[in-house]
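Proteins get letters first, then strands, A, B, ... in listed order; numbering begins at 1 in each.
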There are 2 protein chains.
Amino acid sequence: MSSVDHSKMDNRLNERLATSGFRFTPQRQHVYSVLLGKRDHPTVEEVFMRSKQGMPDISMATVYNCLDALVKCGLVRHVNLDRAATRYCPNMKEHCHFYCEECGGVYDIDFMAEGNHHGLNVPEGFQIKQYDISLRGLCRDCASKAIK
Amino acid sequence: MSSVDHSKMDNRLNERLATSGFRFTPQRQHVYSVLLGKRDHPTVEEVFMRSKQGMPDISMATVYNCLDALVKCGLVRHVNLDRAATRYCPNMKEHCHFYCEECGGVYDIDFMAEGNHHGLNVPEGFQIKQYDISLRGLCRDCASKAIK
DNA sequence: TCAATATTTGGAATAATTCTAAGTCTCATT
DNA sequence: AATGAGACTTAGAATTATTCCAAATATTGA
């Protein structure tokens, strides 16, 4: 038995894709399972390398396409931390990311009522030097145009 | 009289550069004044174009260098919102960024005790669809190595 | 099964960022 | 004021990330 429950994952994936108007394809299934398999916030390049192990003919363009579809249907988040390549994260629980300026590692940080840093459950020994909060959505003008 | 107080700005800039081990140069001064002049979160390309108006011989590499120096000495923040180019912001007050998915505009959002969205002063009519919080610093391993 | 259309593929094209080497400037020290 | 060391700027090449494109293929609903 693998670490990921495939039938359950596929149902979830199929449903989410469908409600966003996307089709269910082996490539999207595979890329999603790759993300679930190792939750280390890989770059597109890394997802591509890992995906090729089980699906040697998959192309880079398809990996981009799959990741975009997964983000658009709410199964994956994309994370922009520095000026380097975008990273991907299949953890959709409310959480934030800690980026280590020294080693480049990315860690998930949960929110907690009793967290040690204003509700953030920052692990012992981690030093926060800076934080950023960004919101996405529609500005007033675009929101009012969207209604019409 | 220009909209920016140059003597005051130069003092501030000179001091900050010096304490971070950087030199004060006309290019850094100019790039900083360009950022202060129009606070619309420009990309490097945009900063380059604007900088050339008052300093026609400045090069792209220098703009990158200047922006990096300004970020490192704490006068400017760099903002990564989507997969597009990095943007820059000279507002060092505590605030966060709102990115409009439709028009691509970027707006500063202040924190307020009486804010309407959990302490965020989101303007009337703006629709928040998603938010991201990211922290930067040192992870446990890198922090312990840094002490030695 | 069939048609319509979404997706995949590989490669080319574009865009963002970094690197390099040579010349120039700044600053501290004479 | 001259000098030397090192930081900075410049232009362009190189690299890296991402998007675009057109043809082939796969998926879905009728």
Practice item. Could I get the full list of salt bridge (Lys or Arg N to Asp or Glu O under 4.0 Å) partners for A/D68, not counting sequence neighbours? Key: B/R83

Review point. Between B/V71 and B/M60, is there a shared hydrophobic cluster once you connect ILVMFWY residues whose side-chain heavy atoms come closer than 4.5 Å?
Key: yes

Check your understanding: According to a 4.5 Å side-chain heavy-atom criterion applied to Ile, Leu, Val, Met, Phe, Trp and Tyr, with indirect links allowed, do B/L67 and B/M55 form part of one hydrophobic cluster?
Key -> yes

Starting at [atom1] of [X] and ending at [atom2] of [N], how long is that distance when rounded to a whole Å?
| X | N | atom1 | atom2 | answer |
| --- | --- | --- | --- | --- |
| B/R28 | D/dC8 | CZ | C1' | 7 Å |
| B/R87 | C/dA16 | CZ | P | 10 Å |
| B/H30 | D/dC8 | NE2 | P | 18 Å |
| A/Q29 | C/dT8 | CD | C1' | 16 Å |
| A/L13 | C/dT7 | CG | P | 12 Å |

Practice item. Ignoring backbone atoms, establish whether A/N65 has a side-chain N or O less than 4.0 Å from OP1 or OP2 of C/dT7. Key: no

Exercise for review: Return no unless some side-chain N or O of B/T62 is found under 4.0 Å from OP1 or OP2 of D/dT9.
Suggested key: no

Exercise for review: Please list all pairs passing the salt bridge (Lys or Arg N to Asp or Glu O under 4.0 Å) test where one or both residues lie in residues 48-67 of chain A, with sequence neighbours left out.
Suggested key: A/D40-A/R50

Study note, to complete from the structure: Residues joined to B/M49 in its hydrophobic cluster, side chain to side chain under 4.5 Å directly or through other members, sorted by chain and number, are none

Please tell me if the side chains of [X] and [Y] come closer than 4.5 Å, counting only heavy atoms from C-beta onward.
| X | Y | answer |
| --- | --- | --- |
| B/L135 | A/C96 | yes |
| A/F111 | A/N121 | no |
| B/D82 | B/Y99 | yes |

Practice item. If a protein heavy atom is under 4.0 Å from the base, mark B; if only from the sugar-phosphate, S; if neither, -; do that for nucleotides 16-30 of chain D going 5' to 3'. Key: -SBBB-----BBS--

Which protein N or O atoms sit under 3.5 Å from an N or O of nucleotides 28-30 of chain C?
none

**Study point:** Any pair counted as ring pair (Phe, Tyr, Trp, His ring centres under 6.0 Å), so long as it reaches residues 28-83 of chain A, sequence neighbours left out
**Key:** A/H41-A/H97

Review point. Hey, can you pull the residues of residues 47-55 of chain A with a non-hydrogen atom under 4.0 angstrom from DNA chain C?
Key: none

For [X], give me all partners under side chain to side chain contact (heavy atoms under 4.5 Å, CB included), at least two apart in sequence or on another chain.
| X | answer |
| --- | --- |
| B/N91 | B/R39, B/C89, B/K93, B/H95, B/D108 |
| A/T43 | A/E45, A/E46, A/A85, A/R87 |
| A/S134 | B/L81, B/D132 |
| A/Q53 | none |

Practice item. For the helix from C/dT1-D/dA30 to C/dT30-D/dA1, figure out the bend between the end axes, five pairs an end, and round to 10 degrees. Key: 50°

Review point. When we call it a touch if two heavy atoms are under 4.0 Å apart, what does A/D57 touch: a base, just sugar-phosphate, or nothing?
Key: sugar-phosphate

